[in-house]
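Below is one structure, written out as structure tokens; comments come after it.
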Amino acid sequence: MTRTAAARARANIALVKYWGKRDLRLNLPATGSLSMTCSSLVTETRVTFDDAAPRDEVLADGAAAPEAFRQRASRFLDRVRSLAGMAAFARVETRATFPVASGLASSSSGFAALALASTRAAGLDLPLPALAALAREGSGSAPRSLLGGFVELPAGMSPDGSDCVPVQVAAADAWDVRLVIAVNGAGEKAVGSTEGMERSRATSPFYPAWIARGAGDLEAAKAALAARDLPALGRVAEANAFSMHAVALSSNPPILYWNAATVDAVNRVRALRAEGAGAWVTIDAGPHVKVLCGPGDAAAVADALRGVAGVTEVRVERPGEGAEVLG
Ligand code: DP6
């Protein structure tokens, strides 16, 4: 017998970052984060449980996924099987519209889509807290992709993570802003987020200061969002991102996610800002530069980024919707 379901989720980009865990086993964040779910960074995933399958199989864009990826998905499916009280292995077919594992937050949409598709295929219709807990065990940023628009994931204080549940702060159509993404370098990132965060926690002398500033950045970002104050949100987001990278750089061995195009793109945005544009950068665990701006500045920002040597693609994202089950 087979049981199947498919789901779609969109990657989110954090404006206040999660970089550090308060519980490694439950994958609980040390600080709260705030993100924008993107409109067109889409992952679609179909999960088919098959009583006759000899093991879990993962196909990414039609080809067998690397073994490490298959094992990570298989461990995730073990959780779903134990929740549903079933034993069947599954075939996972997943497609993303953007480069995977390079700092474009693909794990966020990937595990949000996998959580929704696999639970539905297993006959479960989980409420948000339980679905978020499952998605979080796949990747700490994934719970935010379950919801659309602007999403807060509080760190919570409870040891079991029951108060680490995503909250929509503003719906996708509530504020018309853009994230212009300059893709550069398509290869896999040098140090994965999980490893990078743990290295920062264990070795960076700045890690305590990074954790201490988290709550203030989150409150300032939420206040700016509530006031629809783009310069205020942009300033917090840019400062928060550079602080995260300061922690990564001060880890031992140091973690450098940037390349020459990253720095050039940041300087282009700063030059545009000096000319009066309202545009602020954020950078995740990869070389791509993401620029928060209003709709009126997006074309100029995109043009400027296309002119940066090494930038291979420029995408303009709007706030997008949360995860959904596909018919
Ligand atoms: C820099 O969610 O990929 O994008 O929970 O270890 O899988 P794990 O980490 P992941 O890390 C995201 C890090 C970030 C910041 C953010 O999205 O908040």
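- Salt bridge absent: Arg270 and Glu275 never bring a charged side-chain N and a carboxylate O closer than 4.0 Å.
- Inspection of the Asn12 and Thr37 side chains reveals no N or O donor paired with an N or O acceptor under 3.5 Å.
- Taking the charged nitrogens against the carboxylate oxygens, Arg178 and Glu317 have no contact shorter than 4.0 Å, which rules out a salt bridge.
- Considering all non-hydrogen atoms of both residues, Pro166 and Val151 come closest at CB-CG1, 3.9 Å.
- With contacts defined as side-chain heavy-atom distances shorter than 4.5 Å, the pair Trp175/Leu225 qualifies.
- Residue pairs meeting the ring pair (Phe, Tyr, Trp, His ring centres under 6.0 Å) criterion with at least one member in residues 295-327, sequence neighbours excluded, do not occur.
- A donor-acceptor pair shorter than 3.5 Å can be found between the side chains of Asp56 and Ser74.
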Derivation and outcome, side chain to side chain contact (heavy atoms under 4.5 Å, CB included), residues Ile181 and Val314: CA-CA 5 Å; Ile181 302 178; Val314 175; over 6 Å; no
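- Ion pair Asp78/Arg75 not flagged as a salt bridge, since none of the NZ, NE, NH1 or NH2 atoms sits closer than 4.0 Å to an Asp/Glu carboxylate oxygen.
- Distance check: Cys164 SG to Leu153 CG gives 4.0 Å after rounding to the nearest 0.5 Å.
- Here the straight-line distance linking atom CH2 of Trp19 with atom CE of Met244 works out to 4.5 Å at 0.5 Å rounding.
- Cluster membership check: Val308 shares its hydrophobic cluster with Val269, using side-chain heavy-atom separations under 4.5 Å among Ile, Leu, Val, Met, Phe, Trp and Tyr.
- Side chains of Thr282 and Lys17: a donor-acceptor N/O pair is present below 3.5 angstrom, by distance only.
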Trace of the salt bridge (Lys or Arg N to Asp or Glu O under 4.0 Å) decision for Glu313 with Arg315: CA-CA 7 Å; Glu313 185 187 350; Arg315 309 179 68 107; 3.2 Å; yes
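- Using modelled atom types, one finds a donor on one side chain and an acceptor on the other under 3.5 Å when comparing Asp160 with Ser162.
- Under the 3.5 Å distance criterion, with hydrogens and angles disregarded, no donor-acceptor pair is assigned to the side chains of Ser39 and Arg10.
- The residues Glu93 and Arg46 are annotated as not salt-bridged, no charged nitrogen and carboxylate oxygen being separated by less than 4.0 angstrom.
- Here Glu44 does not pair with Arg95 in a salt bridge; the nearest charged N to carboxylate O distance is not below 4.0 Å.
- The number of heavy atoms from other shown groups lying within 6.0 Å of CZ (Phe242) is above 12.
- Ser200 and Ser251 share a side-chain donor-acceptor pair at under 3.5 Å.
- The pair Asp51-Arg3 meets the salt-bridge criterion, since a charged nitrogen lies less than 4.0 angstrom from a carboxylate oxygen.
- In the hydrophobic clustering of this structure, Val167 does not group with Met157; members are Ile, Leu, Val, Met, Phe, Trp, Tyr whose side-chain heavy atoms approach within less than 4.5 Å, directly or through other members.
- Distance check: Leu34 CG to Leu233 CG gives 7.0 Å after rounding to the nearest 0.5 Å.
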Evaluation steps, side chain to side chain contact (heavy atoms under 4.5 Å, CB included), between Ile255 and Arg199: CA-CA 9 Å; Ile255 307 166; Arg199 194 187 297 175; 3.5 Å; yes
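- Nearest heavy-atom pair, Leu59 versus Ala64, reported as atom, atom and distance to 0.1 Å: CD2-N, 3.7 Å.
- No side-chain donor-acceptor contact under 3.5 Å links Ser108 and Ser141.
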Between Val58 and Phe69, does the side chain to side chain contact (heavy atoms under 4.5 Å, CB included) criterion hold? Intermediate values first, please. CA-CA 8 Å; Val58 179; Phe69 189 102; 3.6 Å; yes
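- Annotation for Cys293 and Val180: closest pair SG-CG2, 3.9 Å, computed over non-hydrogen atoms.
- In this structure, Leu124 is a member of the same hydrophobic cluster as Val325, with clusters built from ILVMFWY side-chain heavy atoms closer than 4.5 Å.
- Using the six-membered ring where Trp is involved, His245 and Trp258 have ring planes that are tilted, between 30° and 60° apart.
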Pair Glu198, Lys21 - check salt bridge (Lys or Arg N to Asp or Glu O under 4.0 Å), show working. CA-CA 8 Å; Glu198 277 307 291; Lys21 302 175 195 285; over 6 Å; no
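- Taking the six-membered ring for Trp and thresholds of 30 and 60 degrees, Phe111 and Phe76 have ring planes inclined between 30 and 60 degrees apart.
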Step by step, work out the side chain to side chain contact (heavy atoms under 4.5 Å, CB included) result for Val236 and Trp280. CA-CA 9 Å; Val236 178; Trp280 294 267; over 6 Å; no
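- Defined by atom type and a distance below 3.5 Å, a donor-acceptor pair is missing between the side-chain atoms of Arg136 and Asn27.
- Remark: the Asn240 side chain and the Ser243 side chain contain no N/O donor-acceptor pair separated by less than 3.5 Å.
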